[in-house]
Amino acid sequence: MSKNLIQIKNLTTSVGLADNKVNIVNNVSFDIKHGETFVLLGESGSGKSITALSIMRLLPAAVKISSGKVILGSKDLFELPENRMRKVRGANIGMIFQEPQTSLNPVLTAGQQISETLRQHENLSKNECITRSIELLTAVGIPEPTRRINEYPHQFSGGMKQRIMIAIALAGKPDLLIADEPTTALDVTIQAQVLDLLKKLQSETGMSILFITHDLGVASKMADHIAVMKDGEIVETKSKKDLFRKPEHPYTLKLFSAIPSWEKRVNEGEIESTHRRESTLLEVKNLKVHYPIKKGIFKRTIGQVRAVDDVSIKLHEGETVAVVGESGSGKTTMGKGILQLLDITSGDVSYQKTNLNSLDSHSLRKMRTDIQIIFQDPYSSMNPRMMINDIIQEGMIAQSIGNSQKERDHSVITLLEQVGLDPEHRFRYPHEFSGGQRQRICIARALAVKPKLIICDEPTSALDVSVQAQILSLLKDLQKQYKLAFLFITHNISVVEYIAHYVAVMYQGKIVEQGDVEDVLKRPKNSYTKKLLSAVPHIELNIS
Amino acid sequence: MTKKLNIYFFVVLFWLFCALLGILNPFHENQIVLNKILQEPSWNNWCGYDHLGRSICERIILGAKTSFSVAIIVVLISFIVGTTLGVIGAWFGGIYDKVLVILIDIFIAFPGILLAIALAGLLGPGLINTVIALSIVGWVGFSRLARVQTLSIKNRDHIAAAQALGTMDYRITLKHVLPLIMAPLIIEATFSVAGVIIAEAGLSFLGLGIQPPVASWGSMIKDGSQYMLVAPHAVLIPSFAILSLVLCINFLGDHIRDMLDITESK
């Protein structure tokens, strides 16, 4: 239990040639003991994955290990010839990746992909391979493994695919499993299942896990030891208890303080009774968006996909209503349905007593100033061939706001200052900005037409936790200043705790529970809400 | 890579220069010199003379003018018509799209050059009719490409954002759709220029394109082919002109594609 399984000593990995070398991983050292889970925690670009790939010697061609040692047992992995390294991969170190969709070969069955690893490392006959594969699939919790062994990746769900990936990684009975963000692409309830599975397998086999994540909640659930990475360096390595009790490095403290939570909200002095629900802004009644399923040569409709099914919700001036749900629950479709960006099947969307779905296109165009939208992906939400100045002015031109070019230019400057960007940068293109900055630009674009309601469709999901904190506080400030209402679509419960006044939980196109944020999150009534909330990995933060 | 690009680029540039020279026209390309009929290339005249005793060199230069003017006009017309129809079909969907797809399918079902021959036969030979026949065949490629490109970016968030802001359809297509689908269309246009040059030469070779006495590379090959055994230069020289130009335009198109790819991935 206490002996070191693997030691990483002064690992430095760099990109570029000798004269302008950049170290992506800089002098990183850590040890992993037998049977423990070691978590590498860090934001995007901190060098977590490159560290893992360096250990496996699977780096992309442009990246080179410049110095350091990786000692597994008595061997230094960096000194092994390639053919012996190949034996180490799989037999000693297994690896699973973030995206199960692309990590599996779509034209091979689950059984074939597991057998491939088995044949590499053990001298098994064909029948023994099949028996072993079925055992492995049973171990990772795939129901009916004898039947499903012959199925192809597309016949499995995302969580199931990740289970198959784990089965493949375990096929060579590795001592160390490297898990590179294995649950980031999964829904929170599936994530909980996969994390539990990893823990169970670990206690059965006694393997060690090197777990890479950006999610503090996941880290706190899985870790024995945690190393916090920033800009290619480990800034702090501690046991889980010590790290969460007394984090020392300023970066760790900053990370912790960036986590949105109920406590943070109370600490910032927001008392929820200050919010009064008056003057209804938007009322959605029995909204349905169904898509027909067509089949056969005559394209007969044989069924309906109920993307949004009989949803009713009310929004008041200056409040934040969060819509929570897992992927495919119909949150985004509902948002676009409210905006009339897609055809709704039935139901009413009324904004300040005006029924939006019965308006003609001209009046609807005028109404669009009042309701705006911010998207999840800050890369595709802006036209890469337009300058920031033009992007922000687009709405003003469409709605004839501002009489002259000069007046509009002036508003752009004010807007950019408001969202915390340098107005000098307004003649730049979107690719010159970071993810967080782009999201600010999108907010400025929405604000340009002076809306009263903004539909925020997962605006912080693609961002690091520290950037997320900045965007959330910006949204809160803007809400106070302009009495804006937000319809906040998210899958992240802690964001809901931090920002929402009212919550609706969506599941398979229906709202299964709605109410004030405290009621729903602290005293959930619906069984799905309970399941969802219990799946969220909790952070045991006890900073005093 | 840049070095190779220069070679292709300069060959194309050379022929473009010839075409411009052809427009200025300081030649007497139709002047017949009887004692030089089918004379082989020599130091005094690098390209020799054809079966009527006309200077092949001068006719090649004027043929470049014909090739380029037909190609550029045809590609321009095809580009504008095809892209407009493709974007409209994909953007508005419904009946527009259905009609467009049926039209494209019908045109693609015919082998392009055969359709052009049939049209040229119907319309009668001549420069204008050649342009019309080739444009009718040419728009389909652009239309199909513009349609699928538009479909693929139609659901991007920035387009939804523009719609949510109340931007008019024509403005969205001009500002958000066209600039983003331009790169593949430009590449298609380069390859199209090469295709049209061959098609024009083919039509002229069959006698359905440019009519004598106007110089065209296709008709020069046709005239020379009757004296292939005694004077191969009358066929080989215009053939080489077509070969070098089409080959280099295609390589140039490949390079433009690679260049645009790099900027996209950056």
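So you know, we letter chains A, B, ... as the sequences are listed, proteins then strands, and number each from 1.
Using a 4.5 Å cut-off between non-hydrogen atoms, the part of residues 330-340 of chain A that approaches chain B consists of A:L339.
With sequence neighbours excluded, the residues forming a side-chain contact (heavy atoms from CB on, under 4.5 Å) with B:D105 are B:V101, listed by chain and number. In this view, B:A194 and B:V246, B:I249, B:N250 satisfy the side-chain contact (heavy atoms from CB on, under 4.5 Å) rule, not counting sequence neighbours.
Comparing A:A446, A:A398, A:S380 by heavy-atom pairs within less than 4.5 Å of chain B, the highest count is held by A:S380. Each of A:Q399, A:K366, A:M367 has some count of heavy-atom pairs under 4.5 Å with chain B, and the biggest count is that of A:Q399. Each of A:M386, A:R365, A:Q376 has some count of heavy-atom pairs under 4.5 Å with chain B, and the biggest count is that of A:R365.
Using a 4.5 Å cut-off on side-chain heavy atoms (C-beta onward), A:K450 and A:T369 make no contact.
The distance from atom CD of B:Q163 to atom CG of A:L342, rounded to the nearest 0.5 Å, is 10.0 Å.
For a residue to count as touching a neighbouring chain, one of its non-hydrogen atoms must lie under 4.5 Å from one of that chain's; by this rule A:D457 does not touch chain B. Contacts between A:I371 and chain B at a heavy-atom distance below 4.5 Å involve the backbone alone (N, CA, C, O).
Proximity of a side-chain donor or acceptor of B:S244 to a complementary backbone N or O of B:A241 within less than 3.5 Å is detected.
The list of ring-ring contact (aromatic ring centres under 6.0 Å, His included) pairs with a residue in residues 61-82 of chain B, not counting sequence neighbours, reads B:F79-B:F142.
Classification of the B:W217-B:W15 ring pair by plane angle, with boundaries at 30° and 60°, yields perpendicular.
Donor-acceptor pairing under 3.5 Å is lacking for the side chains of B:T130 and B:E200.
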